[in-house]
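The block underneath contains the structure these notes are about, expressed in structure tokens.
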Number of protein chains: 2
Amino acid sequence: MTQNTAPRPLRADAQRNIDSLLDAAKSVFATSGVDAPAKEIADLAGVGVGTLYRHFPKRADLVKAVFQHEVDATADAAPLLAEQHDPVMALEKWLHRYTEFLVTKRGLASALHSGDPAFDALPSYFLGRLGPALGSLLDAAVEAGEIRAVASPKDLLYAVSKLSLPMGDEEPEHGRRMLDLLVDGLQHGADKTGC
Amino acid sequence: MTQNTAPRPLRADAQRNIDSLLDAAKSVFATSGVDAPAKEIADLAGVGVGTLYRHFPKRADLVKAVFQHEVDATADAAPLLAEQHDPVMALEKWLHRYTEFLVTKRGLASALHSGDPAFDALPSYFLGRLGPALGSLLDAAVEAGEIRAVASPKDLLYAVSKLSLPMGDEEPEHGRRMLDLLVDGLQHGADKTGC
DNA sequence: TATAGTTCTGGAAGAGCGTTCCGCTTAGTT
DNA sequence: AACTAAGCGGAACGCTCTTCCAGAACTATA
């Protein structure tokens, strides 16, 4: 989905500029919101505005690309963490990575839900990438006998998002502590949940 | 909250212009979204842009005012319907009125959740006005023995919003039918709810 | 009703941003 | 090295936001 399958292989400098633009857009979106001036993004990327418009004709194209880029980066972190840490630690680290993603993408969330049909496919992209990523970490931890089985990766993604997002208003530490609590719960948790 | 208590009573033509602007903004927001050009709104209201900016210096001020205006209109419809119809019919008509509000305000919703602190007070304004309005209709219908008691006005407001909003994507009729079903349920519904 | 004192209005003006367009640059090819 | 075409930059145009103030409109007072 992020790479198109057309016969045109894309020139090397063009690909470099696209990467710069995505990096720049990520920063600028975080700083000035999704409605930041196009020139600000182009300047930070070290390209002209024409180049920005060549690769991302509409604002939604850029927002979508940044979002997918971040989803990919977060998903790709899972296998890396898995081979560098024991299962529970990998899971814990990845969930913290995920909350970072949630916080930095909060500005994008309102744009995503704005009704623009260009964004319709993003929620399923989100689940399609992050679900399996988290799933593999969970499976590894369950198989190692270090945590109890949990309903589904999707539920956990959802729960963690609810847990950490509203905290952004207050102190960021709070969300982090709540998440640690939840991971503890996975390890030593009670055998029954409420109704 | 909508009227300030200052000693200055506001000149008659100014009040007239404010009303025109609110009407115009309501239409334009529905047609072109909350980011519609200021001139479009001013023209439709038959005033200059200067007048728009005098009364609503920031875009958020206008959005907030339109929202509150619509909430007020929806809440004020309750007592009127109550004296024109029997309790169940009044309830049904008001809920349909409420779904209209939800649909037309869908464009505003994303702006409302955009994180602008100017909008922080709106959710509680929404509940504070619509909760009692619906509450009085429910009480009347319950006392008349025509429907069974329901958890709380707030829950019903929430449920109806969930029921009718996602339907906007498909056919508007669907949400309407779902709502009718719910009202039927209130009247003849089962004695027990699930877990 | 006439007058004085305010408030309020309209739209021109200045600044800034989005988007397009096309001559020039540079990667890839022979 | 020379050629070809993809890709680049940024000037230019048009649209929008926002400010500002001379004058119109309203209200209070006599």
Side-chain angles (χ1 to χ4, degrees), chain A residues 2-25 27-29 31-66 107-108 111 114 116 118-119, chain B residues 2-25 27-66 107-108 111 114 116 118:
Chain A
T2 58
Q3 210 69 357
N4 96 36
T5 59
R8 208 58 52 92
L10 202 57
R11 231 168 72 175
D13 57 339
Q15 184 60 58
R16 215 177 316 138
N17 282 332
I18 288 175
D19 292 342
S20 300
L21 281 167
L22 286 177
D23 274 357
S27 302
V28 172
F29 284 171
T31 312
S32 317
V34 282
D35 292 326
K39 182 149 195 309
E40 196 177 334
I41 298 170
D43 283 352
L44 184 60
V47 305
V49 284
T51 303
L52 170 57
Y53 280 96
R54 160 168 276 264
H55 295 300
F56 306 101
K58 307 209 67 169
R59 192 47 154 243
D61 297 328
L62 184 57
V63 173
K64 200 167 88 176
V66 168
L108 299 193
S114 65
D116 189 324
F119 298 135
Chain B
T2 58
Q3 211 68 357
N4 96 36
T5 59
R8 208 59 52 93
L10 200 58
R11 230 169 71 177
D13 58 340
Q15 184 59 59
R16 213 167 25 227
N17 281 334
I18 289 176
D19 292 342
S20 300
L21 281 167
L22 287 177
D23 274 356
S27 302
V28 172
F29 284 170
T31 312
S32 317
V34 282
D35 292 327
K39 182 147 196 309
E40 195 177 335
I41 298 169
D43 283 352
L44 184 59
V47 305
V49 284
T51 303
L52 170 57
Y53 280 96
R54 159 169 274 263
H55 295 300
F56 306 101
K58 308 208 67 169
R59 192 42 156 251
D61 297 327
L62 183 57
V63 173
K64 200 167 89 176
V66 167
L108 298 192
S114 66
D116 189 323

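Note: hydrogens, waters and symmetry copies are ignored here, and every other heavy atom, side chains too, is used. Residue numbering restarts at 1 for every chain, and letters A, B, ... go by the order of the sequence lines.
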Tell me: [atom1] of [X] to [atom2] of [N], nearest whole Å?
{"X": "A:N17", "N": "D:dG9", "atom1": "CG", "atom2": "P", "answer": "6 Å"}
{"X": "B:R54", "N": "D:dC21", "atom1": "CZ", "atom2": "C1'", "answer": "11 Å"}
{"X": "A:L44", "N": "D:dG9", "atom1": "CG", "atom2": "C1'", "answer": "17 Å"}
{"X": "A:I18", "N": "D:dC8", "atom1": "CD1", "atom2": "P", "answer": "8 Å"}
{"X": "B:L10", "N": "D:dA25", "atom1": "CG", "atom2": "C1'", "answer": "14 Å"}
{"X": "A:L52", "N": "C:dG18", "atom1": "CG", "atom2": "P", "answer": "9 Å"}
{"X": "B:L21", "N": "C:dT9", "atom1": "CG", "atom2": "P", "answer": "9 Å"}
{"X": "A:F56", "N": "C:dT19", "atom1": "CZ", "atom2": "P", "answer": "15 Å"}

Looking at the base of D:dA6, is there any donor atom on it, or on the side chain of A:R11, that sits under 3.5 Å from an acceptor on the other one? yes
Full working for side-chain contact (heavy atoms from CB on, under 4.5 Å) between B:I41 and B:F29: CA-CA 9 Å; B:I41 298 169; B:F29 284 170; 3.9 Å; yes
Mind checking the CG-CG spacing from B:L22 to B:L62? Nearest 0.5 Å is all I need.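 Going from the CG atom of B:L22 to the CG atom of B:L62 covers 7.0 Å.
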From the list D:dC8, D:dT27, C:dG18, which nucleotide is the closest neighbour of the side chain of A:P37? C:dG18
Of the options D:dC26, D:dT18, C:dC8, whose atoms approach the side-chain atoms of B:V49 most closely? D:dT18
Between protein and nucleic acid, restricted to nucleotides 28-30 of chain D and to nitrogen or oxygen atoms under 3.5 Å apart, what atom pairs and distances do you find?
none

Which pair of non-hydrogen atoms, one from A:A60 and one from A:A118, has the smallest distance, and what is that distance?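 Closest pair (atom of A:A60, atom of A:A118, distance): CB-CB, 3.9 Å.
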B:L44 and B:S27: which non-hydrogen atoms are nearest, and at how many Å?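 Residues B:L44 and B:S27, closest heavy atoms: CD2-CB, 4.0 Å.
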Under 4.0 angstrom, heavy atoms only, what part of the nucleic acid is B:R16 near: base, sugar-phosphate, or nothing? sugar-phosphate
Just call it for B:V47: base, sugar-phosphate, or nothing, with non-hydrogen atoms closer than 4.0 Å on any strand. sugar-phosphate
Just so I know, are the side chains of A:I18 and A:L10 near enough to count as touching, which here means a heavy-atom distance under 4.5 Å? yes
Trace of the side-chain contact (heavy atoms from CB on, under 4.5 Å) decision for A:V66 with A:F56: CA-CA 11 Å; A:V66 168; A:F56 306 101; over 6 Å; no
Under 4.0 Å between a side-chain N or O of B:H55 and OP1 or OP2 of C:dT9? yes
Within the supplied structure, the quantity of interest is the number of heavy atoms (other residues, nucleotides, ligands) at a distance under 6.0 Å from A:D13 CG; does it exceed 12? yes
If you assign each of B:D13 and B:T51 to its closest nucleotide in DNA chain D, which residue comes earlier from the 5' end?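 Of the two residues, B:T51 wins.
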Would you mind telling me which residue lines up with the more 5' stretch of DNA chain D, A:G50 or B:K39, judged by nearest nucleotide? A:G50
